[in-house]
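All remarks here apply to the structure that follows.
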Amino acid sequence: MALIDEAKTALRISTMDAGITLQIERLIEEAKLDLCRTADISENAVSNPDALIKGAILCYVGFVWTTNPDEKDRLKSCYDDYKGKLAMSSSYGTYSEGC
């Protein structure tokens with residue numbers, strides 16, 4: 001399943017409206033850039049996301065999308081948790097010994 005479809009499912013959105021789809025795609029790209037730039041996750045890892053990176057991306061999209069304050073706080077906390085764990089893992093970072 002494509003990431004856009006997973007995001008729509010997570011957001012409980014079934015519309016095929018091009019404007020809404022584009023907005024969600026932009027949020028996915030924002031999440032990827034945020035992971036690369038603030039958590040030092042490699043571009044390769046976010047370009048080919050596994051379940052953990054997808055989870056982080058979906059939390060980010062949900063956090064930005066929702067207007068429910070309680071849900072926003074929960075998703076922001078979840079995203080920050082994912083980001084912190086991914087940043088500490090040598091499997092995802094851009095750092096390598098000898099650099």
Side-chain angles (χ1 to χ4, degrees):
M1 179 182 287
L3 195 50
I4 183 67
D5 296 325
E6 291 184 50
K8 283 183 173 183
T9 299
L11 296 172
R12 315 288 193 280
I13 294 174
S14 60
T15 184
M16 298 304 291
D17 180 271
I20 291 174
T21 300
L22 180 60
Q23 189 175 7
I24 295 168
E25 287 173 342
R26 286 181 179 157
L27 291 176
I28 291 169
E29 290 307 309
E30 282 179 28
K32 289 178 177 182
L33 286 172
D34 188 66
L35 289 171
C36 288
R37 293 182 181 168
T38 65
D40 199 31
I41 306 301
S42 72
E43 287 184 41
N44 184 49
V46 297
S47 296
N48 304 299
D50 63 11
L52 290 174
I53 292 181
K54 283 182 183 180
I57 291 169
L58 296 176
C59 283
Y60 180 93
V61 170
F63 146 68
V64 174
W65 190 267
T66 190
T67 58
N68 178 321
D70 293 332
E71 189 70 359
K72 189 174 276 294
D73 290 343
R74 184 186 72 79
L75 288 167
K76 175 69 166 114
S77 177
C78 182
Y79 176 68
D80 289 341
D81 187 52
Y82 268 118
K83 193 163 76 165
K85 288 176 181 174
L86 290 166
M88 289 189 304
S89 173
S90 61
S91 299
Y92 297 98
T94 60
Y95 173 81
S96 63
E97 297 219 18
C99 288

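- Between Y82 and C59 the shortest heavy-atom distance is CE1-SG, 3.8 Å.
- Among residues two or more places apart in sequence or in another chain, the side chain to side chain donor-acceptor pair (under 3.5 Å) test is passed with N48 by N44.
- Between the NZ atom of K83 and the CG atom of D40 there is a distance of 11.5 Å, given to the nearest 0.5 Å.
- Taken from CG in D73 to CZ in F63, the straight-line distance is 9.0 Å, to the nearest 0.5 Å.
- In the hydrophobic cluster analysis, where Ile, Leu, Val, Met, Phe, Trp and Tyr join through side-chain heavy atoms closer than 4.5 angstrom, L3 is grouped together with I13.
- L11 is not connected to L22 by any chain of hydrophobic side-chain contacts under 4.5 Å among Ile, Leu, Val, Met, Phe, Trp and Tyr, and they are in different clusters.
- Classification of E29 and K32 as a salt-bridged pair holds, one side-chain N sitting under 4.0 Å from a carboxylate O.
- In terms of the salt bridge (Lys or Arg N to Asp or Glu O under 4.0 Å) criterion, residue partners of D80 (sequence neighbours excluded) are, by chain and number, K76.
- By the 4.5 Å heavy-atom criterion applied to side chains, E6 and I57 are not counted as neighbours.
- In this structure, T66 contributes its side chain and G62 its backbone to no donor-acceptor pair below 3.5 Å.
- Once rounded to the nearest 0.5 Å, the distance linking OG of S47 with CD1 of I41 reads 12.5 Å.
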query = Can T21 and K8 be said to form a side chain to side chain donor-acceptor pair (under 3.5 Å), step by step?
reply = CA-CA 8 Å; T21 300; K8 283 183 173 183; 2.9 Å; yes
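- A donor-acceptor pair under 3.5 Å is absent between the side-chain atoms of R37 and the main chain of L35, judged by distance alone.
- In the hydrophobic clustering of this structure, V61 groups with I20; members are Ile, Leu, Val, Met, Phe, Trp, Tyr whose side-chain heavy atoms approach within less than 4.5 Å, directly or through other members.
- Other residues, nucleotides and ligands contribute only 12 or fewer heavy atoms inside 6.0 Å of the CD atom of E43.
- The shortest distance between side-chain heavy atoms of L75 and W65 does not fall below 4.5 Å.
- When all heavy atoms of A31 and Y60 are compared, the closest pair comes out as CB-CD2, 3.4 Å.
- With rounding to the nearest 0.5 Å, the separation of CZ in R74 from CG in D70 is 10.5 Å.
- Across every non-hydrogen atom of A7 and I24, the tightest pair is CB-CG2, 3.7 Å.
- Placement of I4 and V64 within a single hydrophobic cluster is found when ILVMFWY residues are connected by side-chain heavy-atom separations under 4.5 Å, directly or transitively.
- A salt bridge links D81 with K85: at least one charged nitrogen is closer than 4.0 Å to a carboxylate oxygen.
- Of the possible donor and acceptor atoms, one in the side chain of T9 sits under 3.5 Å from a partner among the backbone N and O of D5.
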